[in-house]
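Here the structure comes first, spelled out in structure tokens, and everything after it is commentary.
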Amino acid sequence: MNEKKNKVASELFEMRDPKYAEGQRNIIPTVDPERIIGVRTPALRDYAKVLSKEEGVKVFLADLPHGFFDEDQVHAFVISLEKDFNKCAEEVETFLPYIDNWATCDQMSPKVFKRTPEKLLPYINRWIASDKTYTIRFGIKMLMEHFLGDRFSTEYPDMVTNVQSDEYYVNMMRAWYFATALAKQYEAVIPYIEEKRLDDWTHNKAIQKSIESYRITDEQKAYLRTLKVAKHNK
């Protein structure tokens, strides 16, 4: 790949950390190692803040797919800074089909969504119904971030339960969702585990992540251990 392909890539290469790049290549296996420049996340966030104020940001956001993973990260961070809900949602929907890894998916967290979550639900419904791994994962993540508090309803864990996927990164997010839901809405969510409404793999992984959480009491952890299934289908 040409390091001077564009201004953003060129500037990112100036911030690269080769050792960090090696670490990233090990933990993000779905990304071609050649696409990882190796810029640390705090530097990417700072760069995104600067880029978001520049006139050329629109050109960058429209230049999809990006050549490098680090550009995808910057793209996610720029979107996360957008203050207009409609514009932000449009940018998210444009970008989601190009996400090919858990890190970019999970680190994209638009602040405006937190302020207007009621406008987010129609998008979440659409994302969860997608056939793209990281679009589904992002939809579940939005349910986890914005609908496990005062706006909680059992219709939301129902949505996550109804997701049928063989994709590891989808089911890991489903497990993460239920572990977080148990921490925040234990009484409402424990029946999903007791009644084994999830596939075996996700069920066991949700219990594992719950047991690892400091937000789950020792008594709850002991009970959850009794709910593990002996075999799973993954």
Side-chain angles (χ1 to χ4, degrees), residues 24 26-31 41 72-73 76-77 80 92 96 99-111 113-114 117 120-121 123-218 220-221 223-225 227-229 232-234:
Q24 291 291 88
N26 290 330
I27 65 172
I28 311 174
T30 60
V31 175
T41 299
D72 288 337
Q73 292 288 87
F77 294 145
S80 298
V92 167
L96 278 174
I99 295 179
D100 62 358
N101 67 90
W102 65 265
T104 304
C105 177
D106 294 1
Q107 290 179 324
M108 183 165 64
S109 186
K111 296 178 181 178
F113 288 175
K114 184 176 182 179
L120 188 58
L121 275 174
Y123 291 94
I124 290 175
N125 279 298
R126 184 157 65 245
W127 296 334
I128 286 182
S130 170
D131 61 355
K132 294 186 177 297
T133 296
Y134 298 100
T135 300
I136 301 169
R137 184 179 172 101
F138 184 75
I140 297 171
K141 176 176 177 281
M142 291 297 96
L143 278 179
M144 183 175 69
E145 288 187 1
H146 303 300
F147 295 93
L148 284 179
D150 295 340
R151 296 177 179 82
F152 176 78
S153 165
T154 54
E155 70 180 280
Y156 305 135
D158 285 346
M159 289 166 63
V160 180
T161 300
N162 290 336
V163 171
Q164 301 294 316
S165 177
D166 292 326
E167 292 289 342
Y168 173 83
Y169 288 102
V170 169
N171 289 326
M172 274 299 294
M173 180 56 74
R174 293 172 72 222
W176 185 7
Y177 172 88
F178 272 96
T180 306
L182 283 167
K184 293 189 173 184
Q185 300 288 347
Y186 184 85
E187 294 301 327
V189 174
I190 191 62
Y192 290 80
I193 305 301
E194 293 173 327
E195 297 167 14
K196 299 178 173 59
R197 300 185 200 177
L198 298 165
D199 61 274
D200 290 354
W201 188 91
T202 306
H203 172 95
N204 280 346
K205 186 61 68 173
I207 290 174
Q208 177 190 326
K209 293 178 78 66
S210 295
I211 291 170
E212 293 170 353
S213 173
Y214 68 88
R215 295 181 293 180
I216 300 289
T217 69
D218 289 342
Q220 290 169 341
K221 289 177 182 180
Y223 178 55
L224 284 167
R225 287 188 180 96
L227 299 177
K228 284 185 177 181
V229 294
H232 53 73
N233 57 12
K234 285 283 182 181

So, taking the atom named [atom1] in [X] and the one named [atom2] in [Y], what distance separates them when rounded to the nearest 0.5 Å?
X	Y	atom1	atom2	value
E167	R137	CD	CZ	11.5 Å
F147	E145	CZ	CD	11.0 Å
L121	L143	CG	CG	7.0 Å
D100	K132	CG	NZ	11.0 Å
T104	N101	OG1	CG	3.5 Å
N162	R174	CG	CZ	8.5 Å

Taking all non-hydrogen atoms of both residues, which atom of [X] and which atom of [Y] are closest, and how far apart?
X	Y	result
A179	S210	CA-OG, 3.3 Å
D106	K141	O-CE, 2.7 Å
I193	L227	CG2-CD1, 3.8 Å
S165	N171	O-ND2, 2.9 Å
M142	F113	SD-CD1, 3.7 Å

Does the side-chain hydrogen bond (donor to acceptor under 3.5 Å, both in side chains) test come out yes or no for T202 and D199, once each step is laid out? CA-CA 6 Å; T202 306; D199 61 274; 2.9 Å; yes
Might you confirm whether atom NZ of K221 has over 12 heavy atoms from other residues, nucleotides or ligands at distances under 6.0 Å? yes
Would you say that more than 12 heavy atoms from the other residues, nucleotides or ligands in this model lie under 6.0 Å from the NZ of K114, or not? no
side-chain contact (heavy atoms from CB on, under 4.5 Å), that's the test. Do K205 and M172 meet it? Break it down for me. CA-CA 8 Å; K205 186 61 68 173; M172 274 299 294; 3.8 Å; yes
Who passes side-chain hydrogen bond (donor to acceptor under 3.5 Å, both in side chains) against R126, sequence neighbours left out? E93
Enumerate the side-chain hydrogen bond (donor to acceptor under 3.5 Å, both in side chains) contacts for residues 176-186, please, sequence neighbours excluded, ordered by first and then second residue. none
Under a 3.5 Å cutoff, is there a donor and acceptor pairing between the side chains of E194 and Y223? yes
Go through the steps for R197 and D158 under the test side-chain contact (heavy atoms from CB on, under 4.5 Å), then give the verdict. CA-CA 9 Å; R197 300 185 200 177; D158 285 346; 4.2 Å; yes
Go through the steps for I211 and I216 under the test side-chain contact (heavy atoms from CB on, under 4.5 Å), then give the verdict. CA-CA 7 Å; I211 291 170; I216 300 289; over 6 Å; no
Can you list the residues that meet the ring pair (Phe, Tyr, Trp, His ring centres under 6.0 Å) rule with F138, with sequence neighbours excluded? W127
Centre-to-centre under 6.0 Å for Y192 and F178, is that the case here? yes
